[in-house]
Amino acid sequence: MSLTIFISFCCRMVSHSELRELFCAADAVCFDVDSTVIREEGIDELAKFCGVEDAVSEMTRRAMGGAVPFKAALTERLSLIQPSREQVQRLIAEHPPHLTPGIRELVSRLQERNVQVFLISGGFRSIVEHVASKLNIPPTNVFANRLKFYFNGEYAGFDEMQPTAESGGKGKVIKLLKEKFHFKKIVMIGDGATDMEACPPADVFIGFGGNVIRQQVKDNAEWYITDFVELLGELEE
């Protein structure tokens with residue numbers, strides 16, 4: 001079964017009004033990070049910083065569109081970039097990621113409602129934890145890929161055992177969260193195919209196109225937004 005058919009079958013069982021009610025009743029909301037919580041794609045920014053931007057950007061586009069298995073695309077891109085520990089640290093210090101407008105207010109409002117907020121990213125934990133700190137999200141609520149370095153700081157690969165390192169990984173994280181914390185309703189919000197395929201086990205998927213539009217997600221997401229203000233409005237009603 002293709003990804004598109006699978007998602008359509010699993011996530012088109014409730015009306016739009018029911019989706020809104022589920023969002024407002026959620027006890028956990030999970031956000032993708034690159035091109036969702038932040039404006040940039042972290043791996044593309046790292047590639048630009050390391051001088052291999054064009055080749056890596058094309059791979060990212062194909063991976064986010066669902067055309068290439070995620071782990072294969074991640075391996076290939078990192079092999080091109082070969083980022084050192086120092087380069088990653090300098091990137092965060094000199095070119096920190098920009099939060100998407102409205103995300104700070106949305107996360108704050110969710111937290112005020114005692115909703116647990118998680119960041120689930122195919123990006124890199126060092127960058128995602130920096131973003132989490134800006135949103136008052138604890139490191140324990142961050143799931144992302146870990147880069148590995150040799151003692152001299154040179155690139156040594158990535159932790160392939162992390163669930164976020166492969167296609168379907170975000171769904172595995174959400175399943176884990178349900179089992180560990182007994183959440184009744186979990187919402188997944190993101191821009192890419194890896195986010196959309198996390199529903200189920202997520203109860204609702206909300207496609208986000210405020211930074212970049214992935215056509216497959218726009219065409220198949222039952223609820224698609226381009227501004228976090230829309231979700232803030234739902235919580236205020």
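In the hydrophobic cluster analysis, where Ile, Leu, Val, Met, Phe, Trp and Tyr join through side-chain heavy atoms closer than 4.5 angstrom, Val229 is grouped apart from Leu135. No path of Ile, Leu, Val, Met, Phe, Trp and Tyr side chains, each step under 4.5 Å between heavy atoms, connects Tyr150 with Leu46, placing them in separate hydrophobic clusters.
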Intermediate values then yes/no, side-chain contact (heavy atoms from CB on, under 4.5 Å), Ser126 and Ile92: CA-CA 9 Å; Ser126 51; Ile92 296 171; 4.3 Å; yes
Trace of the side chain to side chain donor-acceptor pair (under 3.5 Å) decision for Glu40 with His98: CA-CA 7 Å; Glu40 304 90 351; His98 298 87; 2.5 Å; yes
From CA spacing to verdict: side-chain contact (heavy atoms from CB on, under 4.5 Å), Lys172, Lys175: CA-CA 5 Å; Lys172 291 179 181 177; Lys175 184 175 183 289; 5.6 Å; no
Worked check of side chain to side chain donor-acceptor pair (under 3.5 Å) between Asn211 and Ser35: CA-CA 6 Å; Asn211 293 311; Ser35 296; 5.7 Å; no
Trace of the side chain to side chain donor-acceptor pair (under 3.5 Å) decision for Asn141 with Gln116: CA-CA 8 Å; Asn141 285 24; Gln116 285 290 313; 3.1 Å; yes
Test log, rule side-chain contact (heavy atoms from CB on, under 4.5 Å), inputs Thr36 and Ile38: CA-CA 5 Å; Thr36 299; Ile38 62 174; over 6 Å; no
Met188 and Ile174: CA distance, side-chain angles, deciding distance, side-chain contact (heavy atoms from CB on, under 4.5 Å) verdict: CA-CA 9 Å; Met188 180 71 206; Ile174 291 173; 3.9 Å; yes
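No side-chain donor-acceptor contact under 3.5 Å links Glu53 to the backbone of Ala47. In this structure, Ser133 contributes its side chain and His130 its backbone to a donor-acceptor pair below 3.5 Å. Of the possible donor and acceptor atoms, one in the side chain of Asp195 sits under 3.5 Å from a partner among the backbone N and O of Gly192. In this structure a side-chain-to-backbone donor-acceptor pair under 3.5 Å is present from Arg77 to Ala73. Under the 3.5 Å distance criterion, the side-chain polar atoms of Arg214 are left unmatched by any main-chain donor or acceptor of Gly209. Listed for the Thr100 side chain is no donor-acceptor partner under 3.5 Å among the backbone atoms of Ile103. Arg104 places a side-chain N or O within 3.5 Å of a backbone atom of Lys134 that can act as its donor or acceptor partner. Of the possible donor and acceptor atoms, none in the side chain of Glu179 sits under 3.5 Å from a partner among the backbone N and O of Leu176. Not a single donor-acceptor pair under 3.5 Å links the side chain of Glu230 to the backbone N or O of Asp227. Using modelled atom types, no side-chain atom of Asp27 and backbone atom of Phe183 make a donor-acceptor pair closer than 3.5 Å.
Going from atom CG of Leu106 over to atom CG of Leu231 covers 5.5 Å, rounded to the nearest 0.5 Å. If you take CD on Glu154 and CZ on Phe149, they are separated by 11.0 Å, rounding to the nearest 0.5 Å. One finds the CZ atom of Phe49 at 5.5 Å from the NE2 atom of His95 (value rounded to the nearest 0.5 Å). For the atom pair Ile81 CD1 and Glu76 CD, the distance stands at 11.0 Å (nearest 0.5 Å). Rounding to the nearest 0.5 Å places CG of Leu119 at 9.0 Å from SG of Cys30. Taken to the nearest 0.5 Å, the CD1 atom of Ile43 stands 9.0 Å off from the CD1 atom of Ile127.
Contact between Gly171 and Pro201 at its shortest, heavy atoms only, is O-CG, 3.2 Å. Scanning both residues, Asp34 and Gly123, for their nearest heavy atoms gives OD2-CA, 4.0 Å. Shortest non-hydrogen contact noted between Pro163 and Val173 is CG-CG2, 3.7 Å. Of all the heavy atoms in Thr164 and Ser121, the pair that sits closest is CB-O, 3.3 Å.
Between Phe181 and Phe118, the two ring planes are tilted [angle within 30° to 60°].
We find that Lys178 and Asp203 are joined by a salt bridge, their nearest charged nitrogen and carboxylate oxygen being less than 4.0 Å apart. Of the charged side-chain nitrogens involved, at least one lies within less than 4.0 Å of a carboxylate oxygen, so that Lys170 and Asp32 count as a salt-bridged pair. We find that Asp159 and Lys148 are not joined by a salt bridge, their nearest charged nitrogen and carboxylate oxygen being 4.0 Å or further apart. Between Arg109 and Glu105, no side-chain nitrogen of the basic residue sits less than 4.0 Å from a carboxylate oxygen of the acidic one, so the salt-bridge criterion is not met.
Between Ile186 and Val29, every side-chain heavy-atom pair lies at or beyond the 4.5 Å cut-off. Side-chain atoms of Gln89 and Ser84, non-hydrogen and from C-beta on, never get closer than 4.5 Å to each other. Using a 4.5 Å cut-off on side-chain heavy atoms (C-beta onward), Leu78 and Pro83 make contact.
The number of heavy atoms from other shown groups lying within 6.0 Å of CD (Glu86) does not exceed 12. More than 12 heavy atoms of other residues, nucleotides or ligands shown are found within 6.0 angstrom of NZ on Lys71.
Among Leu147, Val142, Asn145, the one residue that satisfies the side-chain contact (heavy atoms from CB on, under 4.5 Å) test with Arg125 is Val142. Here the rule is ring pair (Phe, Tyr, Trp, His ring centres under 6.0 Å) with Phe208, and of Trp223, Phe31, Phe228 only Phe228 fits it.
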